[in-house]
Undergrad: 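Attaching a single structure in structure tokens format; questions to follow.
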Amino acid sequence: MTRTLDRARPWLNLGHKEAWDALLQFRQELSKRMQEFQVFKHQALLDPIIQQGGPRQKIGQQLKAECIKLGTDYTAFQWKWTHADVGVRWPEYRLSALAMMATIRKALADQDAIIQKLEVMTGNGRP
């Protein structure tokens, strides 16, 4: 996902007319990747951890809640700008998009750190 963000970032340095169509493709790609990753993370990692109980259960529940919040925040971002006149509000959109990119990057890094902590707690590198 961060590669998608990296590829989209330069487009935000351009004007609305030059960037909007390209950014639409990136938003669609990012949405798809975030949804796929969320399903994988929940099914393969978090749900089994939560179902096992024990000391990792609370951490798994917290991580799942944070993951869901990130998806909700991104959906709200998309909805806001889908229903706005971005051509008129381009400077505001640009700052909002940069902030959302930073939020996604931070959330993914935080989630990765927590997943690594969970893996260490198992002693075998797997949840």
Side-chain angles (χ1 to χ4, degrees):
M1 275 179 279
T2 57
R3 288 184 190 150
T4 302
L5 296 174
D6 291 343
R7 288 184 293 124
R9 174 61 183 90
W11 289 96
L12 290 168
N13 292 332
L14 303 175
H16 171 259
K17 289 181 182 178
E18 298 85 7
W20 190 247
D21 289 340
L23 289 171
L24 174 63
Q25 294 173 349
F26 288 113
R27 285 192 310 276
Q28 290 171 341
E29 179 183 342
L30 184 61
S31 295
K32 181 180 180 218
R33 289 180 184 271
M34 286 179 69
Q35 288 171 353
E36 290 170 350
F37 186 55
Q38 184 178 39
V39 168
F40 165 77
K41 191 171 21 174
H42 290 207
Q43 290 178 352
L45 298 172
L46 301 178
D47 290 343
I49 288 169
I50 292 167
Q51 291 171 0
Q52 289 172 1
R56 299 183 325 145
Q57 182 180 34
K58 186 174 181 175
I59 297 169
Q61 290 170 330
Q62 176 188 352
L63 184 57
K64 188 169 182 173
E66 290 171 6
C67 180
I68 291 168
K69 183 182 180 322
L70 177 62
T72 301
D73 290 349
Y74 184 68
T75 299
F77 165 83
Q78 287 183 303
W79 191 91
K80 174 182 178 176
W81 291 108
T82 297
H83 296 89
D85 187 349
V86 179
V88 172
R89 297 175 62 188
W90 179 252
E92 183 184 354
Y93 170 80
R94 183 181 173 279
L95 292 176
S96 179
L98 291 170
M100 179 52 59
M101 290 173 142
T103 297
I104 291 169
R105 286 180 190 281
K106 182 179 182 322
L108 292 176
D110 291 350
Q111 290 172 15
D112 185 55
I114 293 169
I115 289 170
Q116 288 181 25
K117 179 179 177 180
L118 288 171
E119 290 176 348
V120 167
M121 290 175 76
T122 66
N124 65 6
R126 286 280 175 210

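Excluded from the calculations below are hydrogen atoms, water molecules and symmetry mates; all remaining heavy atoms, backbone and side chain alike, are included.
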Undergrad: With a 4.5 Å limit on heavy-atom distance, are the side chains of V86 and E92 in contact?
TA: no

Undergrad: Should the pair W20 and Y93 be assigned to parallel (<30°), tilted (30 to 60°) or perpendicular (>60°) ring geometry?
TA: perpendicular

Undergrad: Please report the closest heavy-atom contact between I68 and Q38, naming both atoms and the distance.
TA: CA-NE2, 3.5 Å

Undergrad: Looking only at heavy atoms, what is the nearest atom pair of D110 and K106, with distance?
TA: OD2-NZ, 2.7 Å

Undergrad: Over all heavy atoms of both residues, which pair between A19 and L14 is shortest? Give the atoms and the distance, please.
TA: CB-CB, 4.3 Å

Undergrad: Please find the pair of heavy atoms, one from Q111 and one from C67, that lie closest to each other, and give the distance.
TA: NE2-CA, 3.6 Å

Undergrad: From K41 NZ over to D47 CG, what is the distance, rounded to the nearest 0.5 angstrom?
TA: 12.0 Å

Undergrad: Checking side-chain contact (heavy atoms from CB on, under 4.5 Å) for the pair D73/I104: CA distance, chi angles, key distance, verdict?
TA: CA-CA 9 Å; D73 290 349; I104 291 169; over 6 Å; no

Undergrad: Does any non-hydrogen side-chain atom of L63 lie less than 4.5 Å from one of L45?
TA: no

Undergrad: Could you tell me the separation between the CZ atom of R89 and the NZ atom of K80, rounded to the nearest 0.5 Å?
TA: 5.5 Å

Undergrad: Report the distance from atom CE of M101 to atom OG of S96, rounding to the nearest 0.5 Å.
TA: 11.0 Å

Undergrad: Let me know which of K64, E66, K58 forms a side chain to side chain donor-acceptor pair (under 3.5 Å) with Q62.
TA: E66

Undergrad: Verify whether one side chain among D112 and Q116 offers a donor that lies under 3.5 Å from an acceptor in the other.
TA: yes

Undergrad: About how many Å separate CZ of F77 and OG1 of T103, when rounded to the nearest 0.5 Å?
TA: 10.0 Å

Undergrad: Between E29 and R3, is there a salt bridge with N-O shorter than 4.0 Å?
TA: no

Undergrad: Could you walk me through whether Q61 and I49 pass the side-chain contact (heavy atoms from CB on, under 4.5 Å) check?
TA: CA-CA 9 Å; Q61 290 170 330; I49 288 169; over 6 Å; no

Undergrad: Do you know the tightest heavy-atom contact between L70 and A107?
TA: CD2-CB, 3.7 Å

Undergrad: Is there a side-chain contact between Y74 and L30, using heavy atoms and a 4.5 Å cut-off?
TA: yes

Undergrad: Taking it one step at a time, do Q35 and V39 satisfy side-chain contact (heavy atoms from CB on, under 4.5 Å)?
TA: CA-CA 6 Å; Q35 288 171 353; V39 168; 5.7 Å; no

Undergrad: Of the non-hydrogen atoms in R105 and L5, which two are nearest, and what is the gap between them?
TA: NH2-CB, 3.5 Å

Undergrad: To the nearest 0.5 Å, how far apart are CD in Q28 and CD in Q78?
TA: 9.0 Å

Undergrad: With rounding to the nearest 0.5 angstrom, report the NE2 to CH2 distance, H16 to W11.
TA: 13.0 Å

